[in-house]
Amino acid sequence: MRNRNRWKILCMTTVFCAAAIIGCGTKTVRDSDVVMEIAGQSVVKEEYQMILAAHQTEIERQYDTDTVNHKDFWTTEQEGGTPLQQLMQLAEKDLTEKKVIAKLAKDYGIAAKTDYLSIAAEMEEENGRRENGEDSGEVVYGLDSFGIENYYDYIYTQIGHALTEKLKQEQTVSEEDLEKVYRENQKLYTSEVSVKMLVGETSVETGQEQMLQAAEEMKTETNPDVLASHYSNIRFYELAMSSLNMEEGKSGAYMQRWLTASVMQPGEVCQPMGIGGNLMAMRCLERAEQAVQPFEEIKGILDSDVRAQMAQEEIAGEVERADVHYEQEVLHQIALERLQP
């Protein structure tokens, strides 16, 4: 279990500088003040409140509308504690995962700004670039501008992917272990449909008429070299596809190719069709259903998946061991401030 220390604010001002005593003892915390420290990484007030808001609906939908609309909803004891306590637990879990990823990223030399204030400043710069690009007539891809919630999630998603790839490089899996995983999970590697196709493909400029002639000959001739000698402008090749392994699933540009091939029977030739700017005709050479992909064909993908899982388990272990420090009263007050403005 994590070591959770509840810091006393008056004796920990060197870490937090979070609470200023004004008036008759009321604690106030600025948006940029540090209110938590997780795995040595700081969490500021505005960041904490943003994460609370991200999980707010998750808590509210557990209760009926009348209960949620009650003025004391967040502080009223329910089964499993008050809704506020439940929400704060979700926020702490989310932040712990993110800040552990931030720490590990730094440990592994991944260059990225992970503190909230730097991310917010970087977002403003990116929004400025996008606005200037639009004003100058440049093509701007994606959103016109980012909100802090989206940009924050984007940054941490990118860092998480980079960290996983770094950790994967340190993992090794024996072929024996891969074969064991393969045997234990064969359903995951079973294709509903698997086909082997003879494909003729050419540019639209070659002409529909020549492709129609080639498609007709493909009904009797299946040797790509022979067909290529008859139609020099058409490329002929064999292509294996399955519901588990197809280029269509990666890009979508050739999805029509798979949709057509997946319903064809051996010996059938489809009419030429436009695919990705080209003309294409196909003949089904082989077809199988509920086919288990051979181990050798997926060994590389399986190795990558297993090492990725090992990397995620390593991160999860660091999350479980992470030190989380905060003053409970401070978090409680700024949570209520966000939920009951």
Side-chain angles (χ1 to χ4, degrees), residues 139 141-142 161 165 168 173 175-176 178-308:
V139 177
Y141 297 97
H161 287 162
E165 290 303 313
K168 280 172 62 177
V173 187
E175 185 154 330
E176 181 181 354
L178 286 178
E179 289 178 340
K180 180 180 178 183
V181 173
Y182 174 76
R183 289 193 302 271
E184 292 175 349
N185 299 275
Q186 281 203 351
K187 286 186 177 180
L188 298 177
Y189 312 113
T190 300
S191 299
E192 294 182 9
V193 176
S194 178
V195 291
K196 182 179 180 181
M197 310 298 292
L198 170 64
V199 181
E201 184 174 4
T202 189
S203 64
V204 174
E205 289 76 14
T206 298
Q208 180 82 6
E209 186 62 34
Q210 191 174 38
M211 183 56 83
L212 282 169
Q213 294 174 7
E216 186 65 26
E217 187 168 345
M218 287 167 66
K219 293 178 180 179
T220 56
E221 180 58 66
T222 59
N223 187 316
D225 293 332
V226 173
L227 289 165
S229 68
H230 296 168
Y231 305 95
S232 59
N233 292 326
I234 301 177
R235 184 169 67 98
F236 295 91
Y237 56 94
E238 292 184 356
L239 176 66
M241 292 183 286
S242 74
S243 51
L244 290 178
N245 184 20
M246 55 173 176
E247 190 65 30
E248 287 78 355
K250 299 176 184 177
S251 69
Y254 285 83
M255 181 55 71
Q256 185 58 47
R257 180 175 68 180
W258 166 248
L259 293 175
T260 301
S262 64
V263 297
M264 292 175 65
Q265 298 297 322
E268 289 184 343
V269 178
C270 70
Q271 288 295 307
M273 54 188 173
I275 298 290
N278 287 343
L279 288 174
M280 181 180 295
M282 297 185 294
R283 170 176 173 153
C284 182
L285 300 175
E286 299 174 10
R287 177 186 177 88
E289 298 182 7
Q290 298 302 315
V292 179
Q293 285 192 272
F295 173 72
E296 289 298 326
E297 289 185 8
I298 64 167
K299 183 168 63 174
I301 296 174
L302 183 59
D303 176 67
S304 178
D305 289 346
V306 170
R307 287 188 290 114

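Quick caveat: nothing in here was measured; it's all calculated off a predicted structure.
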Heavy-atom check, side chain of Leu227 versus side chain of Ile234, under 4.5 Å: no
Check: Met211 and Gln208 side chains under 4.5 Å, non-hydrogen atoms: no
Glu289 side chain near Glu192 side chain, heavy-atom distance below 4.5 Å: no
Beyond-backbone contact of Lys299 with Glu175, side-chain heavy atoms, under 4.5 angstrom: yes
Pairwise distance OG1(Thr260) to CD1(Ile275) - rounded to 0.5 angstrom: 6.0 Å
Sub-4.5 Å side-chain heavy-atom contact between Arg257 and Met197: no
Any donor-acceptor pair under 3.5 Å from Ser304 side chain to Ile301 backbone: no
Polar side-chain atom of Ser194 near backbone of Ala291 as donor-acceptor pair, under 3.5 Å: no
Heavy-atom pair with the smallest gap, counting every atom of Val269 and Ala215: CG1-O, 3.5 Å
Intermediate values then yes/no, side-chain hydrogen bond (donor to acceptor under 3.5 Å, both in side chains), Tyr189 and Glu297: CA-CA 10 Å; Tyr189 312 113; Glu297 289 185 8; over 6 Å; no
Ala261 to Val195 - nearest heavy-atom pair and separation: O-CG1, 3.7 Å
Heavy-atom pair of closest approach, residues Gln293 and Tyr182: O-OH, 2.5 Å
More than 12 heavy atoms of other groups within 6.0 Å of Glu238 CD: yes
Approximate separation, where rounding is to 0.5 Å, of Phe295 CZ and Gln186 CD: 11.0 Å
Minimum heavy-atom distance between Val193 and Ser262, given as atom pair plus value: CG1-O, 3.7 Å
Spatial distance of atom CD (Glu201) from atom CG (Asn278) [nearest 0.5 Å]: 4.5 Å
Closest contact, heavy atoms only, Met282 versus Met264: O-CE, 3.5 Å
Approximate separation, where rounding is to 0.5 Å, of Ser232 OG and His230 NE2: 11.5 Å
Approximate separation, where rounding is to 0.5 Å, of Arg183 CZ and Leu178 CG: 10.5 Å
Heavy-atom side-chain contact between Glu176 and Lys180 under 4.5 Å: no
From CA spacing to verdict: salt bridge (Lys or Arg N to Asp or Glu O under 4.0 Å), Arg307, Asp303: CA-CA 6 Å; Arg307 287 188 290 114; Asp303 176 67; 3.0 Å; yes
Phe236 side, atom CZ; Thr222 side, atom OG1 - distance, nearest 0.5 Å: 12.0 Å
Minimum heavy-atom distance between Leu198 and Met218, given as atom pair plus value: O-CE, 3.4 Å
